[in-house]
Amino acid sequence: QVQLVESGGGLVQAGGSLRLSCAASGRTFGNYAMGWFRQAPGKEREFVAAISGGAANTDYADSVKGRFTVFRDNAKNTAYLQMRGLNPEDTAVYYCAARKGPSAPVTSSPYDYWGQGTQVTVSS
């Protein structure tokens, strides 16, 4: 069982930055691929970014490429999502997710564990 706890959300002005963290329980964090997803009011949950267990591979949604960076520190059992150039369309609840295995899927269904979410609000 893996427990995930997100932090770092908040209110930011357009053009600003935030860094989200996802702290995981357990001793084998490096064996898990991590994904970031978001859900805006009235919309379906959507993929944002993903990173493989060893951090060799990353993937991004087109809407965040060049603005967001996903990375991880396996020694700290933590994954991160650095967000820059935020705009109001990025407003959503952001979730991290974990999946045991080498690959980092870009869809939500393969992920087994989810955090509780953290709110990101971008004002115009």
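From a predicted model like this one, the values you see are computed outputs, not experimental measurements.
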Report task. Determine yes or no for a side-chain-to-main-chain donor-acceptor pair under 3.5 angstrom, with Thr91 supplying the side chain and Val122 the backbone. Result -> yes
Requested in this report: Please examine the side chains of Lys100 and Val2, heavy atoms only from C-beta on, and report whether any two atoms are closer than 4.5 Å.
Outcome: no
Report task. Can you tell me which residue pairs pass the disulfide bond (SG atoms under 2.5 Å apart) test with a partner in residues 31-124, sequence neighbours excluded? Result -> Cys22-Cys96
Query raised in the report: Linking I/L/V/M/F/W/Y whenever any side-chain heavy atoms sit under 4.5 Å apart, do Leu18 and Met34 land together?
Result: yes
Requested in this report: Compare every heavy atom of Ser52 with every heavy atom of Ala56, then report the nearest pair and how far apart it is.
Outcome: N-OG, 3.3 Å
**Report entry** Hydrophobic cluster membership, Phe37 vs Val93, 4.5 Å side-chain cutoff
**Finding:** yes
Requested in this report: Look only at the side chain of Gln116 and the backbone of Val5, and say whether a donor-acceptor pair between them is shorter than 3.5 Å.
Outcome: no
Query - Asn74 (side chain) donor-acceptor with Gly54 (main chain) under 3.5 angstrom - result: no
Query raised in the report: Hey, does Trp114 have a side-chain heavy atom less than 4.5 Å from the side chain of Arg45?
Result: yes
Report task. Could you tell me whether the side chains of Arg67 and Ser63 share a donor-acceptor contact shorter than 3.5 Å? Result -> no
Query raised in the report: If you round to the nearest 0.5 Å, how far is CZ of Arg72 from OG1 of Thr58?
Result: 11.5 Å
Report summary line: In short, Gln82 meets Phe71 closest at the heavy-atom pair CB-CE2, 4.1 Å
Query - Stepwise side-chain contact (heavy atoms from CB on, under 4.5 Å) test for Thr69 and Tyr60 - result: CA-CA 8 Å; Thr69 302; Tyr60 297 91; 3.8 Å; yes
Report summary line: CZ (Phe47) and CG (Asp62) are apart, to the nearest 0.5 Å, by 10.0 Å
Query - Minimum heavy-atom distance Ala33-Ser103, with the two atoms named - result: CB-O, 3.0 Å
Query raised in the report: Within a strict 4.5 Å, meaning less than it, do heavy atoms of the Phe29 and Lys76 side chains meet?
Result: no
Query raised in the report: Does any non-hydrogen side-chain atom of Glu6 lie less than 4.5 Å from one of Leu20?
Result: no
**Report entry** Side chain proximity check, Tyr113 to Tyr32, heavy atoms < 4.5 angstrom
**Finding:** yes
Query raised in the report: Under the side-chain hydrogen bond (donor to acceptor under 3.5 Å, both in side chains) test, which residues partner Gln3, sequence neighbours left out?
Result: none
Query raised in the report: What closest approach, in Å, do Leu4 and Ala98 show between heavy atoms, and which atom pair accounts for it?
Result: CD1-N, 3.7 Å
Query - Which atom of Ala40 lies closest to which atom of Ala92, heavy atoms considered - result: N-CB, 3.8 Å
**Report entry** Spacing of Tyr94 atom OH and Gln39 atom CD [to the nearest 0.5 Å]
**Finding:** 12.0 Å
Report task. Could you give me the CA-CA distance, side-chain angles and deciding distance for Met83 and Asp90, then say whether side-chain contact (heavy atoms from CB on, under 4.5 Å) is met? Result -> CA-CA 10 Å; Met83 305 185 294; Asp90 295 315; over 6 Å; no
Query - CG on Asp112 to CD on Gln1, rounded to 0.5 Å - result: 9.5 Å
**Report entry** Minimum-distance pair of heavy atoms, taken over all atoms of Pro88 and Ser123
**Finding:** CG-C, 4.4 Å
Requested in this report: State whether a side-chain donor-acceptor pair under 3.5 Å links Tyr111 with Arg99.
Outcome: no
